[in-house]
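Okay, so here's the structure we're looking at.
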Amino acid sequence: MKELPKAYEPKNYEDNIYKKWEESGLFNPDVCVKKGFTEPKANYFSIVLPPPNVTGTLHLGHAARLATEDLMVRYHRMKGDKTLWLPGTDHAAVATQAKVEKILMEKEGKTKYSLGREEFLRRIEKFAQDSHDTIINQCKKMGASLDWSREAYTFDSERNLAVRTVFKQMYDDGLIYRGYRVVNWSVKGQSTASDDELVYVERPGKLYYFKYSKDFPITIATTRPETKLGDTAVAVNPKDKKYKKYIGQEFTVDVGAAQPLKIKIIADENVESGFGTGALGVTPAHSAIDFEMYQKQKVAGNEIGLVQVIGEDGKMTAVTGKDYVGLTVLEAREKFVDYLRKNNLLEKEEDTVQNVATSDRFGDVIEPLPKTQWFVDVNKEFVIKENKLGIKKGSKVTLKKLMQHVVKEKGIQIIPDRFEKTYFHWIDNLRDWCISRQIWYGHQIPVWYKNDEVYCGVEAPKEDGWVQDPDTLDTWFSSGLWTFSTLGWPNKEEWAKENIFHPISVMETAYDILFFWVARMILMTTYVLGEVPFKTVYLSGLVRDEQGRKMSKSLGNIIDPLDMINKYGTDATRLSLLLGNTPGNDAKLSEEKIAGFRNFTNKLWNISRFMLLNIDEPKMDVEKPEAKTLADEWILYKIEIVAAQTEANLCKFNFSLAGEQLRDFTWGDLADWYLEIAKVEGGKSEILNYILNIILKLWHPYMPFVTEAIWQEVYGEDKTLMVQEFPNESIGIVPSEVGLFEGFVIGVITSIRSLRAEYKIEPAKKIGAKVNVGSKEELLKNNAEIIKALARLDKLEFVQSGAEISLDLAGAVDSEKEKPRLEKEIQEIKKYVGGLENKLSNKEFVQNAPKEVVEKEKTKLNEAKAKLEKLEEQLANLK
RNA sequence: GGGCAAUUAGCUCAGUUGGUUAGAGCGUUACAUUGACAUUGUAAAGGUCAGAGGUUCGAAUCCUCUAUUGCCCACCA
């Protein structure tokens, strides 16, 4: 007989257990094969960890990723799949650089420029390394069974090679180009930002109605008067009668700045006649939309000019003349409005709400500016090579089409599927992807210049005199390669060995990076490998606070997973993230919830403790034992059901449901009912041993630490639960019989209760009836087994005599209340039967519905009829 | 402006293709507790399933509209 400590203390076990797991090497699929836990030819199952940024520490979002993925990985490992979970971290270029810059300024009062590129990068590297170590240790705290031998970094040399290789390939295919475009410029960050990195903020603004000059015929409206110094056209809707006559005309207007403006009147469909004055001042240099108009005109052979009036420093440029140059945007705005006012050109000022684009990383207002940048062309056709996407070799495709194709053709399944719509919608609106950033920390663009020559290559050109493009790549460029760059690509040998894990089985991530990351992986992988990056995308919701708010420092509502682990243990923290959620929906989390799961962890511990007290000699491998009593049959049936359900739901990604069913079984059926019966019946060593093993295995993917702790306490520290075979018991009893057993248990419990009352004995405590058992007569008549079973509780000698004479089940049924209930039920069933008969007599239904459905309906009808008879009989008995 | 969701007990949420009496956890209340577990047990109270209409023998579930909330995309000059 083994005895466990009275309560489970996570701290006494967790770190130790993790260390042992790690030392065993079993997180590595190759080791699992070598040690014989996995068949060499087993199916593979692979996940890559969405690499956490090296800027921060573990937050609940990470914890949720780790818990969910570890759940899948541990399940598949136990099932015998060759299971790889690949860890890594992200260099998060902009975020990391910004953070280090901030620290540098605060601690040393220095800027990156005063340090110089090289020294600054060294500082970042050091920061990244420290931060990396912290976050890796935190992952380990969560119990994540990641294969650390394969750890990768988005900015290490292997990944850098992959990035350069892909860049070169895309460049050669003409999919990457350098272009002069209006980009999102962050003055504060001194860098571009992609469209996805913008956050729109509503601000009160003013809409100014004005004319450029007295003799200009059209009034225009703007919220940004200062940019009007760079206007080169006025656009109107071609259908607008009011302005039609002006289209094509050219005006030269003096606006009090250095140069008079040359304004052409152009037509563009995108101009709404109803908004403002129906005419739009076109500023090609400082508005993405206007720039598009400019390009459209250019293609049509109508050059309208482009004047940059705001510089990268956020100040007015020299072209604006001595009155304006050097002024900030706001100063210039005031000055220009002043000018308009003085010259009676300002017709109206209107208060509006402006939606201003700000930089996600730096927080400042984005200044659209024209700049030469690198872009990925998503609409350019190229010839596709051999591929596994079901597209004919040699046909012409675009990156956009590839991205649409794989999801449309179900090469990739997105869970929940409503996100497919979002995905398509996003792709429809996708514009060329600006991939160059003016940051220092990142993959430098593998392009070199010499005089007017341009060279793109995986390696630098050998001759002297070439200068590399100083820009670096958007982090998502390297993240997009993550599923295969971590598996050795483009190193041929490595890739040949590791590509058995590609495509990744499941990409599990929160829905907020569907576009940033998931879409880009699809883009990159289909293009580079002609293969999908993953078969399934499982999108989790975000973790929010109790009131559904985002967790943030300013709200002070952050729950630190490490605090929770300290207080309640890792298993409880994991459960709180896994249970009570549905995919794609945000989860609300509170400390109370975690505390609740701590209670459950301890409950499982004590269930095991009790079982062990009643197991003679625990064995790791136990065949399914014989049931000696009906209670045994019932619990053995129940555990089979729950094992089957768990397996099915884990396969269907119903992680929450599976866990809840397991919990209900463990706490409800097993602890509250069966173990209580076991106290009375006794002699259950084998069955308890069998059940203990199964529930520990079933729970292991959810609660790896407590289950492993119990396992090792019982079977020795050299054993590990982690690679035990996951239960796949076959179900030997047909479900219709379960009612009988349920009835049995209820009967036993009810009877014990009343016997206790009647004979004033003290049988097992903590027993009670909670389910309606039907009438006393029915119970006695239909369930002779129950009486026999009661007799089998022979530890209570007097039960036999009591049972034989009369079981007082009063209280279970009140015939006064029972009668109306039965009548109501009969009425409803009659209706139900009527409906079914109706349906089945409907020829259209019988002919058109699938056979199984018709059969199912017939079965339902028979069942309902039987039930109806039974109920009518019951009612008759009552009368 | 376009799209996607949500609305079920005091709170947080389930509810698997429409089916008999809508569930769980937490909270509340009452009772119990000596040997697995107070990190416990048994029970009770608490729900016109947001509202209105429709389809159906039958609707929390399907359809339409309305209201409220949240999110995503686009951006209006």
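Protein chains get the first letters and strands the later ones, always in sequence-line order, with residue 1 at the start of each. Worth knowing before you read on, the calculation uses all heavy atoms, side chains too, and leaves out hydrogens, waters and symmetry mates.
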Would you measure the distance from the [atom1] atom in [N] across to the matching atom in [M] and give it in whole Å?
N      : M      : atom1 : answer
B:rU66 : B:rG58 : P     : 26 Å
B:rC71 : B:rG46 : P     : 36 Å
B:rU8  : B:rG23 : C1'   : 10 Å
B:rC57 : B:rG15 : C1'   : 23 Å
B:rC72 : B:rA30 : P     : 46 Å
B:rC11 : B:rU28 : C1'   : 12 Å
B:rU64 : B:rA24 : C1'   : 33 Å
B:rU48 : B:rG41 : C1'   : 35 Å

Pairing partner of [N] (Watson-Crick or G-U wobble, both distances under 3.5 Å):
N      : value
B:rA22 : none
B:rG41 : B:rC31
B:rG47 : none
B:rA5  : B:rU69
B:rC62 : B:rG54

If you measure only the distance, is there a donor-acceptor pair under 3.5 Å linking the side chains of [X] and [Y]?
X        : Y        : result
A:Tyr8   : A:Asn606 : no
A:Gln661 : A:Asn649 : yes
A:Asp428 : A:Gln404 : yes

Just checking [X]: base, sugar-phosphate only, or nothing, at a heavy-atom cut-off of under 4.0 Å?
X        : answer
A:Thr601 : nothing
A:Phe600 : nothing
A:Ile289 : sugar-phosphate
A:Lys603 : base
A:Gly580 : sugar-phosphate
A:Arg418 : sugar-phosphate
A:Asn585 : sugar-phosphate
A:Ala671 : base

The residue, A:Ala7 or A:Asp586, whose nearest nucleotide of RNA chain B is more 5′ is A:Asp586
Of A:Asn599 and A:Lys421, the one whose nearest nucleotide on RNA chain B sits closer to the 5' end is A:Lys421
Rounded off to whole Å, could you give me the [atom1]-to-[atom2] distance for the [X] and [N] pair?
X        : N      : atom1 : atom2 : value
A:Glu660 : B:rG23 : CD    : P     : 15 Å
A:Asp664 : B:rA14 : CG    : P     : 16 Å
A:Asp417 : B:rC4  : CG    : P     : 13 Å
A:Gln661 : B:rA14 : CD    : P     : 15 Å
A:Arg598 : B:rG25 : CZ    : C1'   : 15 Å
A:Lys588 : B:rA6  : NZ    : P     : 13 Å
A:Asn581 : B:rU12 : CG    : P     : 15 Å
A:Tyr511 : B:rA6  : OH    : P     : 13 Å

Of the listed nucleotides ([options]), which one gets closest to any side-chain atom of [X]?
X        : options                : answer
A:Asp672 : B:rA36, B:rG41, B:rC75 : B:rG41
A:Arg663 : B:rG25, B:rC72, B:rU40 : B:rG25
A:Leu613 : B:rU39, B:rA36, B:rA77 : B:rA36
A:Lys679 : B:rA36, B:rC72, B:rA74 : B:rA36
A:Arg431 : B:rA77, B:rC75, B:rA36 : B:rC75

| message | I want to check something: taking the side chain as every heavy atom from C-beta on, are A:Leu280 and A:Val234 in contact at a cut-off of under 4.5 Å? | response | no
inquiry  = Donor-acceptor pair, distance only, cut-off 3.5 Å: does the side chain of A:Glu269 make one with the backbone of A:Pro238?
reply    = no
- Message: For A:Arg609 and A:Glu3: C-alpha separation, side-chain torsions, deciding distance, then whether salt bridge (Lys or Arg N to Asp or Glu O under 4.0 Å) applies.
- Response: CA-CA 6 Å; A:Arg609 178 174 141 89; A:Glu3 192 161 345; 3.4 Å; yes
Can the positive tip of A:Arg663 be found less than 6.0 Å from the middle of the six-membered ring of A:Trp699, inside 45° of the ring normal?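 A:Arg663 over A:Trp699 ring: no.
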It should be established whether [X] places a side-chain nitrogen or oxygen under 4.0 Å from OP1 or OP2 of nucleotide [N].
X        : N      : value
A:Ser287 : B:rA77 : no
A:Asn355 : B:rC76 : no
A:Arg609 : B:rU40 : no
A:Lys593 : B:rC26 : no

Exercise. Once the angle between the rings of A:Phe291 and A:Tyr294 is folded into 0 to 90°, is it parallel (under 30°), tilted (30 to 60°) or perpendicular (over 60°)?
Worked result: tilted
Is a donor-acceptor contact shorter than 3.5 angstrom present between the side chain of A:Asn429 and the base of B:rC73? no
Which residue, A:Leu575, A:Thr601, A:Ile594, forms the side chain to side chain contact (heavy atoms under 4.5 Å, CB included) with A:Tyr568?
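Exactly one option meets the side chain to side chain contact (heavy atoms under 4.5 Å, CB included) with A:Tyr568, and it is A:Ile594.
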